[in-house]
Amino acid sequence: MVTKTIQIHPTLSGVNRTESQVQDLLLVVNVVNDLGKTIDLNDFLIDAEMSVVVLDPKRDAAVARLGRWDFERDQVTGFVKSEPVSGFHVPLEWTMDQPLGSEILVHVRLRAEDDEMRCEAKLNIQQARGVTGWLPRVESLR
């Protein structure tokens, strides 16, 4: 039996910012098998609700929550995209306080009738999201 879990994509997920202000957050949540291979969501009927919580690890636990979003089944289905990688591409408008440090902690819960998957990740809000900061490696011709 193949086990499936969810994970937040570490480079495609992140924030857009101006100078010192976070403008929005894009989460790319992949479903992976027990070998770590991304599963194509177009091969499945998606019927689940999703919750996203963003925490500031630099704040006291009582006030660490920066935001929470809850999505109904039809919204979650609309988040499924194939490019650049299959997953839930969840755009979140930043309507909350700015984090005190350079990292945020994101928790995602995907829940269907009889199943639930959870994941979390620390995201660096200072880094460019996606391939923006990527440079090709030069191969040596020796």
Side-chain angles (χ1 to χ4, degrees), residues 1-140:
M1 179 174 162
V2 176
T3 306
K4 296 177 192 77
T5 59
I6 58 173
Q7 69 179 14
I8 297 172
H9 195 285
T11 55
L12 295 177
S13 298
V15 300
N16 279 324
R17 56 185 306 122
T18 59
E19 305 279 324
S20 63
Q21 299 291 312
V22 174
Q23 298 298 309
D24 59 35
L25 171 64
L26 175 67
L27 289 180
V28 177
V29 180
N30 306 113
V31 178
V32 295
N33 65 18
D34 50 356
L35 300 174
K37 183 175 182 205
T38 300
I39 294 172
D40 186 354
L41 293 181
N42 289 313
D43 295 340
F44 296 92
L45 174 64
I46 306 297
D47 188 26
E49 298 170 343
M50 181 183 288
S51 297
V52 177
V53 174
V54 175
L55 303 172
D56 185 347
K58 293 280 187 184
R59 295 178 190 263
D60 184 75
V63 292
R65 183 189 287 186
L66 294 176
R68 179 186 173 110
W69 295 264
D70 294 302
F71 301 104
E72 299 296 324
R73 296 170 192 276
D74 59 331
Q75 292 173 295
V76 173
T77 302
F79 294 147
V80 175
K81 305 280 186 260
S82 297
E83 298 295 327
V85 65
S86 181
F88 301 100
H89 295 241
V90 185
L92 302 170
E93 186 176 339
W94 197 273
T95 58
M96 53 201 140
D97 292 338
Q98 297 294 311
L100 299 177
S102 62
E103 290 184 325
I104 55 174
L105 186 59
V106 180
H107 293 271
V108 176
R109 181 180 74 162
L110 189 65
R111 186 171 55 88
E113 292 298 321
D114 57 348
D115 195 17
E116 180 174 285
M117 291 187 268
R118 294 175 182 252
C119 68
E120 67 178 56
K122 278 189 180 180
L123 298 178
N124 185 327
I125 62 168
Q126 304 300 325
Q127 290 180 330
R129 172 177 83 210
V131 295
T132 330
W134 178 81
L135 293 174
R137 292 187 181 134
V138 178
E139 298 234 5
S140 173

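For this chain, numbers begin at 1 and follow the sequence in order.
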Quiz item: Where is the tightest heavy-atom contact between H89 and P91, given as atom of each residue plus distance?
Solution: O-CD, 3.3 Å
Exercise. Could you tell me the separation between the OG atom of S82 and the CG atom of N42, rounded to the nearest 0.5 Å?
Key: 3.5 Å
Quiz prompt | Minimum side-chain heavy-atom gap V76-F88 below 4.5 Å | solution = yes
Quiz item: Do side-chain atoms of S13 reach the backbone of H9 as a donor and acceptor pair under 3.5 angstrom?
Solution: yes
Quiz item: What is the minimum heavy-atom distance between P84 and L12, and which atoms define it?
Solution: CG-CD1, 3.7 Å
Quiz prompt | Euclidean distance, I46 CD1 relative to D43 CG, rounded to 0.5 Å | solution = 9.5 Å
Quiz item: Residues two or more places apart in sequence or in another chain: which of them pass side-chain contact (heavy atoms from CB on, under 4.5 Å) with A48?
Solution: L110, A112
Exercise. Sequence neighbours left out, what pairs pass salt bridge (charged side-chain N to carboxylate O under 4.0 Å, His left out) with at least one residue falling in residues 106-115?
Key: E49-R111, R73-E113, R109-E116
Quiz prompt | Interatomic distance, L27 atom CG to L25 atom CG [nearest 0.5 angstrom] | solution = 4.5 Å
Self-check item: Between CD1 on residue I6 and CD on residue E120, distance to nearest 0.5 Å
Solution: 11.0 Å
Quiz prompt | Test side-chain contact (heavy atoms from CB on, under 4.5 Å) applied to Q7 - qualifying residues, sequence neighbours left out | solution = N30, V32
Quiz item: With sequence neighbours left out, which residue pairs that include part of residues 35-87 fulfil the ring pair (Phe, Tyr, Trp, His ring centres under 6.0 Å) condition?
Solution: F71-F79
Practice problem: Locate the shortest heavy-atom distance separating P99 from I104; write the atom from each residue and the value. | Solution: CG-CG2, 3.7 Å
Self-check item: Student check: side-chain heavy atoms of H107 and R118 closer than 4.5 Å
Solution: no
Quiz item: Out of curiosity, T77 OG1 to L41 CG, how far, rounded to the nearest 0.5 Å?
Solution: 10.5 Å
Practice problem: Find the distance between CD1 (I125) and OG (S102) and round it off to the nearest 0.5 Å. | Solution: 6.5 Å
Self-check item: Option from V106, D24, V52 for which side-chain contact (heavy atoms from CB on, under 4.5 Å) with L92 holds
Solution: V52
Quiz item: Under the salt bridge (charged side-chain N to carboxylate O under 4.0 Å, His left out) rule, what pairs show up with a residue in residues 81-102, not counting sequence neighbours?
Solution: none
Self-check item: Side chain to side chain, V108 and I8, heavy atoms closer than 4.5 Å
Solution: yes
Quiz item: If you look only at pairs with a residue in residues 55-66, which of them pass as a salt bridge (charged side-chain N to carboxylate O under 4.0 Å, His left out), with sequence neighbours excluded?
Solution: D56-R59
